[in-house]
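Heads up: the structure comes next, in structure tokens.
What's counted below: heavy atoms across the whole structure, side chains too, no hydrogens, waters or symmetry copies. Below, chains carry the letters A, B, ... as their sequence lines are ordered, and counting in each starts from 1.
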Amino acid sequence: MEEIRAPKNFIEEMIEQDIAEKGLAHIQTRFPPEPNGYLHIGHAKALCIDFSIAEKFGGSCNLRYDDTNPTKEDEEYVDAIQEDIAWLGFHWANVFYGSDYFDTCYEMAVKLIKKGVAFVCDLGRDQIREYRGTLTEPGKNSPWRDRSVEENLNLFERMKNGEFPDGSRTLRAKIDMASPNINLRDPAMYRIIHMSHHHQGDKWCIYPMYDFAHPIQDAIEGVTHSLCSLEYEAHRPLYDWVVEQCEFSHRPRQIEFARLNLTNTVMSKRLLRSLVEEGRVTGWDDPRMPTLCGLRRRGYTPESIRDFIFRVGVAKADSTVETAMLEHCVREDLNAHAHRMMAVLDPLKVIIENWEEGEFEDVELEYLPGGTEKRALRFGRELYIEREDFSPNPPPKYFRLKPDGEVRLKGAYVVRCTGYETDADNNVTAVYCTYDPETRGGQCERKVKGTLHWLPVADAIPAEIRLYENLLLPETEAGQDFTKRLNPNSLAVVQGFIEPALAEKEPGYRCQFMRMGYFCADLDSTPNKPIYNRIVGLKDSFKL
RNA sequence: UGGGGUGUCGCCAAGUGGUAAGGCAUCGGACUUUGACUCCGAGAUUCGCAGGUUCAAAUCCCGCCACCCCAGCCA
């Protein structure tokens, strides 16, 4: 699929300016996920920006696991993250682990101690909070702030050697306890955590904080532009402070942008994790999940997701994009490529009275409108149509089958309804029609308002069809209480029928069921047990 | 409340002193063997609000308002 136009955004302008002013020869970015969960559509934005900007300037982008906190991370997520990035179609120059730079981080910490701009603090968690002050009141210096360099060096080494319990001491930057920016009030740089790290094993029991490790990692890798979300804006002075104090010759620049929010979608890893753990979904790749693996499972194409991200754009204003935009992007992609197939979700039997019992005729159906590739379907006396495509008491402007009404059966003949049967509860059980032999598909001038999809009863293959709705109800329906916002009807499983040609397709095959929307053969489906997930409905397909 | 940000059509988003791009959604109309698709067309006298500077302001100045982020030994 052709790449959609890449809009020129403010980040690109800043980079162009840097290139002009600083004479940058190579643009280096990085995508730094913390391996504590699966990537979701929100990460896709960061990812697209990091990778595509590097690409646009002929530079490169590294994948770097931001794994400085062993209490929250797991190797389990590492492979999944790479798989999702690759699926989206991006290529990293290198895969790095932030934790592989722990030695350098340690050296830098020692350097800061020697320079007198870092100290070991014995204050406990609560005391640190008390000393920090508030938004309006300045903090006060820690009583340990003026320890000698020698003592700090000694203590810090002993922290590293595991002599002290968790939480007993921290290494803090010595900046300004009265700074109006709270992030600059002697922030912690290292903490003690006696826990083995998923990537470093038991080598360390002290771990650097994000604010200390990230700029160091960026500087080591030669990252020229460290792109991140808005909440790090107030951390930028600290980022710059670390780079400055560590005296790196290479100075990375942090630029922030607004993260992606989608209507009717949870984007918080904590909430997504709870959905998985509480069994409300089948896993991280449940097709209702906004995770990349969930969207993939549901049938979304990587192209459509990238297109969506580029259309959303990059800016600094908080925003919530309507899911309709995402859906438009998949429809646009699928409309061009997805084969049109016959499936009946809720069957209603039609008997063609003037068609001989046991007789069949092959009718040809195009895979794509106007396309040359075709396959055949047997037309016969007994057919299935969609239950909602017949109405004994049609409302005005009902174009589908109704008593004495005419309709075209896609690819086959025009039929006229002559009658119908109902059961004791007044449910329609069968519809009787006559066909007009003059109206064979492709060679008839006669126009009728409605065209229905259908399946021969003899050849229809049972299939499980899953119809998804948004996992969350609109906020207006359920307010802010997350649990109340979960949509109980987010999944409907229907036992329907599909045409024979479709039953042989591979899992992942995407198609459009006439008038029902776009579907994807589920990864769990087999030729004997076809399962189709609805990716997205057709626009206005069910409107009368 | 101190600091840092942001406010342009229902939702995103261009615009950087010269008279409001584009996309999604919506509404018309054409086409159609999917009420889909496609195709045409309609939409902000107005840029959070109020003053000011200027021949000219969404863009500059001033005051105000609203929303978001920061008081983790999370990232």
Side-chain angles (χ1 to χ4, degrees), chain A residues 4-5 7-9 13 32-34 36 66-69 71-73 121 123-125 128-129 132-139 166-172 179-185 187-193 206-207 209-211 213-214 228-237 256 258 260 263 269 308 310-329 331-332 335-336 340 365-366 369 397-400 407-412 414 439 441-442 444 446-453 512-517 537-544:
Chain A
I4 305 302
R5 87 262 128 103
K8 183 160 169 180
N9 57 53
E13 272 172 19
E34 183 183 19
N36 68 344
D66 212 339
D67 55 350
T68 55
N69 186 350
T71 66
K72 306 210 164 184
E73 299 147 9
C121 182
L123 253 26
R125 214 177 262 270
I128 284 189
R129 191 183 313 129
R132 184 156 33 223
T134 67
L135 292 177
T136 50
E137 302 158 306
D166 287 6
S168 59
R169 283 179 230 263
T170 53
L171 179 75
R172 293 224 262 160
S179 172
N181 181 347
I182 292 186
N183 298 302
L184 262 19
R185 318 241 261 232
M189 301 274 104
Y190 261 97
R191 73 285 220 191
I192 301 171
I193 304 174
I206 55 171
Y207 292 90
M209 299 289 291
Y210 166 88
D211 282 321
H214 208 86
C228 61
S229 47
L230 250 27
E231 63 264 36
Y232 293 104
E233 233 161 358
H235 292 243
R236 191 174 350 119
E256 312 82 8
L260 173 71
T263 56
K269 268 191 200 169
F308 169 68
F310 287 119
R311 288 190 196 221
V312 164
V314 183
K316 297 194 74 159
D318 296 308
S319 63
T320 301
V321 179
E322 291 176 347
T323 50
M325 176 116 68
L326 211 209
E327 294 180 346
H328 166 83
C329 292
R331 271 195 224 101
E332 185 174 82
N335 178 47
R340 309 303 137 110
L365 293 166
E366 298 166 341
K397 293 208 171 175
Y398 186 83
F399 298 158
R400 285 113 87 183
V407 92
R408 161 150 246 126
L409 293 178
K410 176 78 182 175
V414 169
T439 57
C444 162
R446 187 132 68 94
K447 304 241 184 282
V448 285
K449 274 286 195 184
T451 302
L452 308 185
H453 56 278
Q512 187 199 99
F513 290 167
M514 308 289 307
R515 300 193 56 250
M516 293 291 143
L538 237 37
K539 223 163 114 187
D540 293 335
S541 67
F542 294 107
K543 206 192 270 179
L544 237 42

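A search for side chain to side chain donor-acceptor pair (under 3.5 Å) contacts involving A:N181 returns A:N183, not counting sequence neighbours. Evaluation of the ring pair (Phe, Tyr, Trp, His ring centres under 6.0 Å) rule for A:H328 yields no partner, not counting sequence neighbours. With sequence neighbours excluded, no residue forms a side chain to side chain donor-acceptor pair (under 3.5 Å) with A:S319. Under the rule for a side-chain contact (heavy atoms from CB on, under 4.5 Å), the partners of A:N335 that lie at least two apart in sequence or sit in another chain are A:R340, A:Y518. Residues passing the salt bridge (charged side-chain N to carboxylate O under 4.0 Å, His left out) test with A:K316 are A:E233, A:E256, sequence neighbours excluded.
Residue-level contact check: A:T263 touches neither bases nor backbone, having no heavy atom under 4.0 Å from any strand. Within 4.0 Å of A:S319, counting heavy atoms only, lie sugar-phosphate atoms of the nucleic acid but no base atom. As judged by a 4.0 angstrom heavy-atom cut-off over every strand, A:I128 is placed among the base-contacting residues. Using a 4.0 Å heavy-atom cutoff across all strands shown, A:E366 reaches no nucleic acid atom at all. Using a 4.0 Å heavy-atom cutoff across all strands shown, A:P369 reaches at least one base atom of the nucleic acid. Using a 4.0 Å heavy-atom cutoff across all strands shown, A:H235 reaches at least one base atom of the nucleic acid. Contacts of A:Y232 with the nucleic acid, taken as non-hydrogen atoms under 4.0 Å apart, include base atoms. Using a 4.0 Å heavy-atom distance criterion, A:G124 is classed as a base contact. Using a 4.0 Å heavy-atom criterion, one finds that A:T451 contacts the sugar-phosphate atoms exclusively. The residue A:L123 sits close to a base: some heavy atom pair falls under 4.0 Å.
Atom-to-atom, CE of A:M209 to P of B:C74 comes out at 5 Å; the value is rounded to the nearest Å. Rounded to an integer number of Å, the gap from CG of A:D211 to C1' of B:C74 is 10 Å. Counting to the nearest Å, the P atom of B:C73 and the OH atom of A:Y190 are 16 Å from each other. B:C31 atom C1' lies 12 Å from atom NZ of A:K449, rounded to whole Å. A:L230 places its CG atom 8 Å from the C1' atom of B:C68, with the value rounded to the nearest Å. Counting to the nearest Å, the P atom of B:A36 and the CG atom of A:L452 are 15 Å from each other. Spacing between atom CG of A:L326 and atom P of B:C11 amounts to 18 Å, rounded to whole angstrom units.
In this structure, of B:C74, B:U1, B:C73, it is B:C73 that holds the atom nearest to the side chain of A:A188. For A:R311, counting side-chain heavy atoms from C-beta on, the closest listed nucleotide (B:U6, B:G23, B:G3) is B:G23. Here the nucleotide nearest the side chain of A:M325, chosen from B:A75, B:C24, B:G5, is B:C24. Closest contact between the side chain of A:N181 and the listed nucleotides B:G3, B:C12, B:A75 involves B:G3. For A:T170, the listed nucleotide lying nearest its side chain is B:C73; candidates were B:C73, B:A13, B:A75. Which of B:A71, B:G15, B:C12 sits closest to the side chain of A:V321 comes down to B:C12. Nearest nucleotide to the side chain of A:I182, out of B:C24, B:A71, B:G5: B:A71. Closest to the side chain of A:E322, out of B:G15, B:A36, B:A25, is B:A25. In this structure, the nucleotide among B:C74, B:G23, B:A75 sitting nearest to the side chain of A:E231 is B:A75. Checked against B:G15, B:G2, B:A25, the side chain of A:A324 finds its nearest nucleotide in B:A25.
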Could I get a table of every N or O pair under 3.5 Å where one atom is in the protein and the other is in nucleotides 37-44 of chain B?
from  : atom 1 : to     : atom 2 : distance (Å)
B:C37 : O2'    : A:N335 : ND2    : 2.6

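A close approach under 4.0 Å does occur between a side-chain nitrogen or oxygen of A:R129 and OP1 or OP2 of B:G72. Of the side-chain N and O atoms in A:R191, one or more sit less than 4.0 angstrom from OP1 or OP2 of B:A75. A:R185 has no side-chain polar atom (N or O) that falls below the 4.0 Å cut-off from OP1 or OP2 of B:G72. Listed pair A:R132 / B:G72 meets the phosphate criterion, a side-chain N or O lying under 4.0 Å from OP1 or OP2. Under 4.0 angstrom from either OP1 or OP2 of B:A75 there lies at least one side-chain N or O belonging to A:T68. Using a 4.0 Å cut-off, no side-chain N or O of A:R236 falls inside it from OP1 or OP2 of B:G3. OP1 or OP2 of B:G35 has at least one side-chain nitrogen or oxygen of A:R515 nearer than 4.0 Å.
Within 3.5 Å, no donor on the side chain of A:E256 pairs with an acceptor on the base of B:G5, nor the reverse.
Nearest-nucleotide positions on RNA chain B for A:E233 and A:D318 put A:E233 closer to the 5' end.
Rounding to the nearest 0.5 Å places CZ of A:R236 at 13.0 Å from CG of A:D211. Note: A:Y232 OH to A:H214 NE2 = 8.0 Å, rounded to the nearest 0.5 Å. Taking CD from A:E34 and CG from A:D67, the interatomic distance works out to 8.5 Å, rounded to the nearest 0.5 Å.
If you check B:A71 for Watson-Crick or wobble pairing at under 3.5 angstrom, you find it has no partner at all. Using the Watson-Crick or G-U wobble rule with both distances under 3.5 Å, B:A42 pairs with B:U26. Summarising the base pairing, B:U53 is matched to no nucleotide, lacking a Watson-Crick or G-U wobble pair whose two defining distances lie under 3.5 Å. Applying the Watson-Crick and G-U wobble criteria (two distances, each under 3.5 Å), B:A66 pairs with B:U6.
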Inset, instruction - May I have the step-by-step check of side-chain contact (heavy atoms from CB on, under 4.5 Å) for A:V448 and A:V407, ending in yes or no? - result: CA-CA 6 Å; A:V448 285; A:V407 92; 5.7 Å; no
Inset, instruction - Please test A:R515 against A:R400 for side-chain contact (heavy atoms from CB on, under 4.5 Å), starting from the C-alpha separation and ending with a verdict. - result: CA-CA 12 Å; A:R515 300 193 56 250; A:R400 285 113 87 183; 3.2 Å; yes
